[in-house]
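Report on one structure; see the data block that follows.
The figures that follow rest on heavy atoms only: side chains count, while hydrogens, waters and symmetry mates do not. Numbering of residues begins at 1 and proceeds along the displayed sequence.
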Amino acid sequence: MRIFSATILLILLNLSLYSQDLPLVSISEIYDQAPDVSNCNEGKLKDSEKQKATQYLNYIRSLHNLKPVQYASQYDKETAKSALISVANGLLDHFPKTSYHCYTQDGYTGCVTSNLYLGSNFSPNNVVNTEKGIQSWIIDQNIEDLGHRRNLLNPFLKYTSFGRVDGYSKANSSWFLTGMSIKVHQYPDYHNLSDWTSDFVAYPYNDYPSSYFDASWYLSFTVVADKSNIWNNDNKKVDFSAATVKVTNPSGNELSISNLKYDYLGYGVPNCIYWKTSGLQKDVKYTVTISNVKVNGTPKTFTYWFRITDNPPTAGIQPPTPLSPPDNSTDVEIPVNLTWSNVSNAQYYALQVSTNSDFTNLLVDLKNITSNSYKLTSLNDNTKYFWRVATIKDNQMSNWSSTFSFTTKAFQLSAPIVFAPQDGEVSIDLKPTFKWSKVPGAEKYHLQTCLDNSFDDFALIINKEDITDTVYTSTTKFFPKTIYYWRVRALKGSSASSWSQVRTFWTLDPSFVEEKDVNKHNYFIIDDTRKATILLDEIKNIVGVYLCNIYGEKISLQNEIFEENLINIPYHRVSSGLWILEIITKKEIHNIYLLILK
């Protein structure tokens, strides 16, 4: 069984601490419906408050070069009910008992899978800001194994959900408490870290905000040896038993290290080494060297730097939270209207849209959007897109938001309506002109004409797939007095509509075709039994006669030769269409084309 965070964070604060910390807010600012703890009702937290929690968490993760988490609202009931249990009972327990006030199965699941926070307040008009929960979890004061911090800085973590409840405790009605819960365990999947360039998570790291650090508490370091499997990073892969930690100032002087520990507990990535460092000061750049860490049996040395500062890059500039379309939406109609949360005092928003999750192929890359929405029009159907946003203020840009994706709807092309030739129309020109209706969204059309309604490849006269107009005149000359079948369909990319209705037409009557033109090209038209006998004046010494059609059918006419040069065509035994009379002599083969009409 994997180990889940069972650490407890109980913070009973007073007003003097608040004044030096984060600003206070009132209940009305954070709830659409205030909680009623006495009746075990968790209330309804504003979406903006959930977005704030996600933004604070993603801001911290960005400081560690970690991928942002996505908000998963389907877990909101678990986190809200777990926060309710904490407030109702005035305690934190990752495994609450059924005898607890306001116990529910959803609340139990939320407690098991979440970081928990509990703090006291004086009144509903002065409650702690949501950021306080995130701040407390990342510092993890008095939590020896740093379980909350390690959960938040888990590079594999892909989703989160946030719950909060404020109210008077059922255990002691004089306590007005704030409970918070952020889900960090038991998700269906994790981030793919194949494109993540780091191989460790250090706290603190690079320029780090002082509000998220306590110099008297532990610094920490985790190795990511296997980016494909979160649980394949335990003591079988990472060995801290001989590791040493050195922290030096810009002059190269080493600071004192104490309380050096390590474990392989399952708080996020299942390995961590942590220690305390004396004499840390703000705005001083320190170098950390961790030596003799065995990774897959090979000793490695890791080096990085940090500086605790009140003015880290992008400090105070929070990224927006993507809102719609919801993440992983499918069948999204084009055009697509992207929306995200408003960020106070934002001057502009940056937006990137790509067809891949690493944004190496940008379709949209803007940094001058003044509203919290943007309409995408030039999109392909049935295609997955990724997007993210950032805040720009005073020529500085925040970190990118979490990445959302959506898939556009597969475009449904309608079948064209055929106009001309009309069904059953006769005396059509031997180079017919075909007309049909325009189909919305179509890029081109596919036209087929055939000698029968099978539209078999062998019988096709026209099979043209690149017609961009709704009118097409054949460049191929059709046979006269012949019935033809035709149809058309619309095309867009790899999508095709259904075929139109099949229509028939007859070409010109052969009486309009001069006989000399037909015979000049070695054609015979047989539309009556009286015309079924052919005299071959110029062909001598015949040894074989066959009748062949375009389907490969071959009929011997050896018994139909009445005289040496007189051949009878079995008119009643063959179908209408183009046939070839193949005459074999002792020296050569002659082909005569027959158009048989019934």
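- At distances below 3.5 Å, at least one donor-acceptor pair connects side-chain atoms of Asn121 with backbone N or O atoms of Val128.
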| side chain to side chain contact (heavy atoms under 4.5 Å, CB included) assessment of Asn41 paired with Leu84 | CA-CA 8 Å; Asn41 185 332; Leu84 175 63; over 6 Å; no
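- Here the rule is side-chain hydrogen bond (donor to acceptor under 3.5 Å, both in side chains) with Tyr71, and of Thr54, Asp327, Asp76, Thr160 only Asp76 fits it.
- In this pair, Tyr117 and Trp137 present their aromatic rings perpendicular. The plane angle is above 60°, beyond the 30 to 60° band.
- Side-chain contact of Asn232 with Asp226: a donor-acceptor pair under 3.5 Å is present, judged by distance alone.
- Under a 3.5 Å cut-off, the side chain of Thr391 and the backbone N or O of Gln318 do form a donor-acceptor pair.
- Ser401 places no side-chain N or O within donor-acceptor distance of the main-chain N or O of Pro319, the cut-off being under 3.5 Å.
- Considering all non-hydrogen atoms of both residues, Phe386 and Phe359 come closest at O-CE2, 3.6 Å.
- Residues Asp283 and Thr309 have side chains that bring a donor and an acceptor to within less than 3.5 angstrom of each other.
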Atom pairs and distances, side-chain donor-acceptor, residues 197-204, under 3.5 Å, sequence neighbours left out:
from, atom 1, to, atom 2, distance (Å)
Tyr203, OH, Tyr212, O, 2.5

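- Checking Asp189 against Tyr159 by side-chain atom types alone, a donor-acceptor pair falls below 3.5 Å.
- Annotation: side chain of Thr408 is in contact with side chain of Phe406 (closest heavy-atom distance under 4.5 Å).
- Across Trp340 and Asn372, no two heavy atoms sit closer than the pair O-ND2, 2.8 Å.
- Taking 4.0 Å as the cut-off between side-chain N and carboxylate O, Glu42 and Lys81 count as a salt-bridged pair.
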| Should Thr289 and Ser291 be marked as a side chain to side chain contact (heavy atoms under 4.5 Å, CB included) after you check the CA-CA gap, both sets of side-chain angles, and the distance that decides it? | CA-CA 6 Å; Thr289 303; Ser291 305; 3.7 Å; yes
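- Side-chain atoms of Glu49 and Tyr31 include no donor-acceptor pair closer than 3.5 Å.
- A salt bridge does not link Lys237 with Asp239: none of the charged nitrogens is closer than 4.0 Å to a carboxylate oxygen.
- The cationic atom of Lys276 (NZ for Lys, CZ for Arg) lies less than 6.0 Å from the six-membered ring centre of Tyr218 and within 45° of the ring axis.
- The six-membered or imidazole ring of Phe306 lies near that of Tyr286, with a centre-to-centre distance under 6.0 Å.
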| task | Start with the C-alpha distance between Val293 and Val223, add both sets of side-chain angles, then the distance that settles side chain to side chain contact (heavy atoms under 4.5 Å, CB included), and finish with yes or no. | result | CA-CA 9 Å; Val293 180; Val223 176; 4.2 Å; yes
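- Put simply, CH2 on Trp387 and CG on Leu376 are 9.0 Å apart, with the number rounded to the nearest 0.5 Å.
- Residues that satisfy the side-chain contact (heavy atoms from CB on, under 4.5 Å) test with Lys227, not counting sequence neighbours, are Leu193, Trp196, Val224.
- Considering only heavy atoms from C-beta on, Leu219 comes within 4.5 Å of Phe213 through its side chain.
- At least one donor-acceptor pair closer than 3.5 Å links the side chain of His94 to the backbone N or O of Cys111.
- No side-chain heavy atom of Thr321 sits less than 4.5 Å from a side-chain heavy atom of Val389.
- Of the possible polar contacts, one joining the Lys170 side chain to the Ser38 backbone as a donor-acceptor pair under 3.5 Å is found.
- Within the 4.5 Å cutoff, the side chain of Leu118 has heavy atoms near those of the Leu177 side chain.
- A donor-acceptor contact closer than 3.5 angstrom is absent between the side chains of Thr104 and Asp106.
- Contact check on Lys46 versus Glu29 returns no salt bridge, with no Lys/Arg side-chain nitrogen under 4.0 Å from an Asp/Glu carboxylate oxygen.
- Using a 3.5 Å distance cut-off with no hydrogens or angles, the side chains of Ser82 and Ser181 do pair a donor with an acceptor.
- Between the side chain of Trp217 and the backbone N or O of Asp140, at least one donor-acceptor pair lies under 3.5 Å.
- Judged by distance alone, the side chain of Asn154 and the main-chain N or O of Phe156 form a donor-acceptor pair under 3.5 Å.
- A side-chain donor-acceptor contact under 3.5 Å links Ser174 and Asn172.
- Taking the side chain as every heavy atom from C-beta outward, Pro35 and Val165 approach each other to under 4.5 Å.
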Side-chain donor-acceptor distances from residues 242-260 under 3.5 Å, at least two apart:
from, atom 1, to, atom 2, distance (Å)
Asn249, OD1, Ser251, N, 2.9
Asn249, OD1, Gly252, N, 3.1
Asn249, OD1, Asn253, N, 2.9

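- For Ser373, the side-chain contact (heavy atoms from CB on, under 4.5 Å) partners are Asn337, Thr339, Ser371, not counting sequence neighbours.
- Arg307 forms no cation-pi arrangement with Tyr208, by the criterion of a distance under 6.0 Å to the ring centre and an angle within 45° of the ring axis.
- Proximity of Tyr349 to Tyr374: side-chain heavy atoms (C-beta onward) are nowhere separated by under 4.5 Å.
- Using modelled atom types, one finds no donor on one side chain facing an acceptor on the other under 3.5 Å when comparing Ser220 with Arg150.
- Taking the ring axis of Tyr75 as reference, the NZ or CZ atom of Lys183 stays within 45° of it and closer than 6.0 Å to the ring centre.
- Without hydrogens or angle criteria, Lys158 side chain to Lys67 main chain gives no donor-acceptor distance under 3.5 Å.
- With sequence neighbours left out, the side-chain contact (heavy atoms from CB on, under 4.5 Å) criterion links Arg61 to Leu57, Asn58, Leu66, Val69, Leu157, His191.
- Interatomic distance, CG of Asp214 versus CD of Gln135, reported as 10.0 Å (0.5 Å rounding).
- For the pair Thr178 and Val87, the minimum side-chain heavy-atom distance is 4.5 Å or more.
- When only modelled atom types and interatomic distance are considered, Asn89 and His101 share no side-chain donor-acceptor pair under 3.5 Å.
- Of the N and O atoms on the side chains of Gln55 and Ser341, at least one donor lies less than 3.5 Å from an acceptor on the other residue.
- Partners of Asn356 according to the side-chain contact (heavy atoms from CB on, under 4.5 Å) rule, which considers only residues two or more places apart in sequence or in another chain, are Ser354, Asp358, Thr360, Asn361.
- Residues Ser402 and Pro322 are in side-chain contact: their nearest non-hydrogen atoms beyond the backbone lie under 4.5 Å apart.
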| message | What verdict does the side chain to side chain contact (heavy atoms under 4.5 Å, CB included) test give for Thr130 and Arg164, after you've listed the backbone C-alpha separation in whole Å, the side-chain angles of each residue and the deciding distance to 0.1 Å? | response | CA-CA 8 Å; Thr130 287; Arg164 172 175 176 153; 3.2 Å; yes
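- No hydrogens or angles considered: a donor-acceptor pair under 3.5 Å links the side chains of Asp263 and Tyr274.
- Tyr262 and Phe240 have tilted rings, their planes meeting at an angle from 30° to 60° on a 0 to 90° scale.
- Proximity of a side-chain donor or acceptor of Arg149 to a complementary backbone N or O of Ile139 within less than 3.5 Å is detected.
- Considering Asp145, Thr222, Asn115, Asn151 in turn, Asp145 is the only one that fulfils the side-chain hydrogen bond (donor to acceptor under 3.5 Å, both in side chains) rule with Tyr267.
- Counting non-hydrogen atoms of other residues, nucleotides and ligands closer than 6.0 Å to NZ of Lys77 gives a total of 12 or fewer.
- A donor-acceptor pair is defined here as one N or O able to donate and one able to accept, closer than 3.5 Å; no such pair exists between the side chain of Ser114 and the backbone of Leu116.
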